[in-house]
Amino acid sequence: MALITLLATLAPWLIGTAVVYALVYGLGRADTLQLSDHCMVIGSGAYVGYVVLAAGMIALLTLGLNPFSAVAVAAWSLLTAASVAVIVQRFRLNPLSIRPRGTLIERAITAVGVGWLMTLAAWLGVEVWHNPVMSWDVVLNFGIDAQKQITAALGDEPRLTAGGTHPATVVMILVWSAFWADIGPTHVLGTGPWWVMYAGVVLMTAGLIRQWAQHWGLAVWLTAAIVSAPLIESHTAQGGYADLWVLGGLVAGLCWVLGGHNRTQRLSTMLVGLAVLVSVIGIKNTSVVYALIVMMGVGLGVLLTGRRAVLGYAAIVAIAAAMGMVLIWGIEIDIGPLRAGFSPEDGELRLGNRSGGLAQVTPSEVVWNLWHAWVLASSFGVMFAAALIALPVATVYALITKDRVGTILAVSAWGLIGFLFAAQFSEYFLPAARVVSDTGLSRTSHAVYWITTMAVLATAISAAHRARNRHTTPPAAGASRERSATTPTRPEA
């Protein structure tokens with residue numbers, strides 16, 4: 001049974017990896033792929049695979065079909081086998097060669113960092129598989145929804161029951177995990193899928209930083225610092241919460257939006273990234289806002305760093321005016337998974353199936369609540385506090401130098417911070433964000449932590465590369481040879 005559970009856990013990852021390889025690089029085209037490219041593909045495959053799995057299960061149940069029937073299991077098995085074939089073909093076209101670079105000390109530092117990441121992942125794997133921690137919210141909400149869905153799926157008339165408070169995506173992931181573990185879902189909510197998503201975030205973060213920094217030692221240790229945040233680790237060990245999947249989807253989308261600027265297939269790569277960002281809408285009710293903010297950040301970043309940056313600033317003014325109109329006249333959106341609204345008459349904010357009126361809170365209390373949730377309660381620690389302080393400088397630098405990657409991340413970070421600040425004035429968010437609730441709003445802040453930290457790192461690496469180039473590269477006649485660190489030449493693996 002343990003082997004079956006392991007195979008069922010890894011199968012969606014393999015499917016997702018094959019899908020990303022096919023979409024980004026095609027099935028038969030030979031590209032010059034580096035280790036960082038493979039890391040981003042395999043990492044984003046963790047998210048894409050499970051979203052594809054959940055979508056397929058939802059489609060089958062909507063049609064009145066059992067996703068665990070013999071025919072369905074055979075189809076999943078064939079799809080997994082085909083995915084393995086696609087992955088093998090890709091590695092045949094692009095054999096992976098790792099040539100150690102740098103001094104012996106530098107290679108040792110990199111090796112120790114890789115060992116630390118592997119140890120961290122193994123430790124979390126032990127927690128996930130053998131000693132999962134159950135949180136009350138997961139057991140009493142997602143767990144019950146998963147149990148009802150398993151019963152309905154295996155009944156005489158299979159039907160979709162999930163998708164009440166939140167979209168059905170995460171419940172379907174729980175259903176898959178629980179069914180193959182052959183025990184009640186309240187005992188397996190912390191099993192494989194959440195560890196898979198954590199491993200995906202690790203690989204994507206390392207691959208993306210490696211493209212910027214052109215040094216594996218720096219990429220590995222910065223990744224270790226980012227993914228060692230207590231909240232990310234605890235959500236991996238607990239399993240069941242949707243927030244880690246929101247983070248994984250945003251990271252996967254940004255990987256291809258940010259990592260595709262120096263590719264010959266830039267447009268297709270960007271489209272893949274945007275499609276992944278759109279899929280985040282279906283993870284939980286608040287992920288609608290997260291996905292829209294990040295996609296808006298991508299658009300504004302492209303405009304602000306383009307030839308006519310004035311269009312970007314005009315877009316910012318237009319967005320501010322639109323927000324003012326919403327505050328005055330309100331808004332109502334109900335399009336598929338997009339369910340949101342604001343009523344200025346009673347100050348009611350609606351996201352998904354939940355709503356809340358205006359809260360009696362002062363701006364100073366809001367700032368204190370967020371600071372406590374993000375930093376003082378050790379949700380993300382000192383690294384995030386430093387990133388918050390450095391973000392204004394990083395934003396100005398990225399705009400002045402027209403660093404597209406840094407600008408996209410910085411604008412997205414400000415949008416997420418602004419949303420979480422504004423949301424504190426709603427009773428929907430405030431009760432869980434007060435200091436007495438310990439980590440408070442930190443449970444919804446994975447994305448703002450990762451994006452803010454990466455924005456500062458991207459611009460810092462860019463500044464370092466520019467400074468080095470000014471001192472080591474003689475100016476060419478009639479042109480500058482400076483390059484941004486976030487759009488480097490294709491480095492060796």
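Each residue takes its place number in the sequence, starting with 1.
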Measure the shortest side-chain to side-chain distance between [X] and [Y] over non-hydrogen atoms and say whether it is less than 4.5 angstrom.
X    : Y    : result
L53  : M172 : no
T9   : Y50  : yes
W13  : S83  : no
D243 : L247 : no
I283 : Y47  : yes

Least distance between heavy atoms, [X] atom then [Y] atom:
X    : Y    : value
A394 : A455 : CB-O, 4.4 Å
E233 : S228 : OE2-CA, 3.5 Å
V298 : S412 : N-OG, 4.4 Å
A315 : L303 : CB-CD1, 4.2 Å
V280 : S287 : O-OG, 2.8 Å

Legend entry - L23, L258, V257, V24 screened by side chain to side chain contact (heavy atoms under 4.5 Å, CB included) with T269, the one that passes: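 Result: among L23, L258, V257, V24, V24 is the only option passing the side chain to side chain contact (heavy atoms under 4.5 Å, CB included) with T269.
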Inset, instruction - Could you point out which residue of I15, I42, V276, V41 forms a side chain to side chain contact (heavy atoms under 4.5 Å, CB included) with V20? - result: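 Looking at I15, I42, V276, V41, the match for V20 under the side chain to side chain contact (heavy atoms under 4.5 Å, CB included) is V41.
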Inset, instruction - Answer with yes or no whether the side chains of W245 and T169 bring together a donor and an acceptor at under 3.5 Å. - result: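 The answer is no; no qualifying pair exists.
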Separation of [Y] [atom2] from [X] [atom1] (nearest 0.5 Å):
X    : Y    : atom1 : atom2 : answer
L222 : L208 : CG    : CG    : 11.5 Å
H465 : D403 : NE2   : CG    : 11.0 Å
T110 : H215 : OG1   : NE2   : 5.5 Å
W195 : L124 : CH2   : CG    : 9.5 Å
L409 : L457 : CG    : CG    : 9.5 Å
L399 : T407 : CG    : OG1   : 5.0 Å

Inset, instruction - Check whether more than 12 heavy atoms from other residues, nucleotides or ligands sit under 6.0 Å from atom CD1 of I105, and answer yes or no. - result: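 Atom CD1 in I105 is not packed in, count stays at 12 or less.
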Inset, instruction - Go through the steps for S177 and W194 under the test side-chain hydrogen bond (donor to acceptor under 3.5 Å, both in side chains), then give the verdict. - result: CA-CA 10 Å; S177 176; W194 273 256; over 6 Å; no
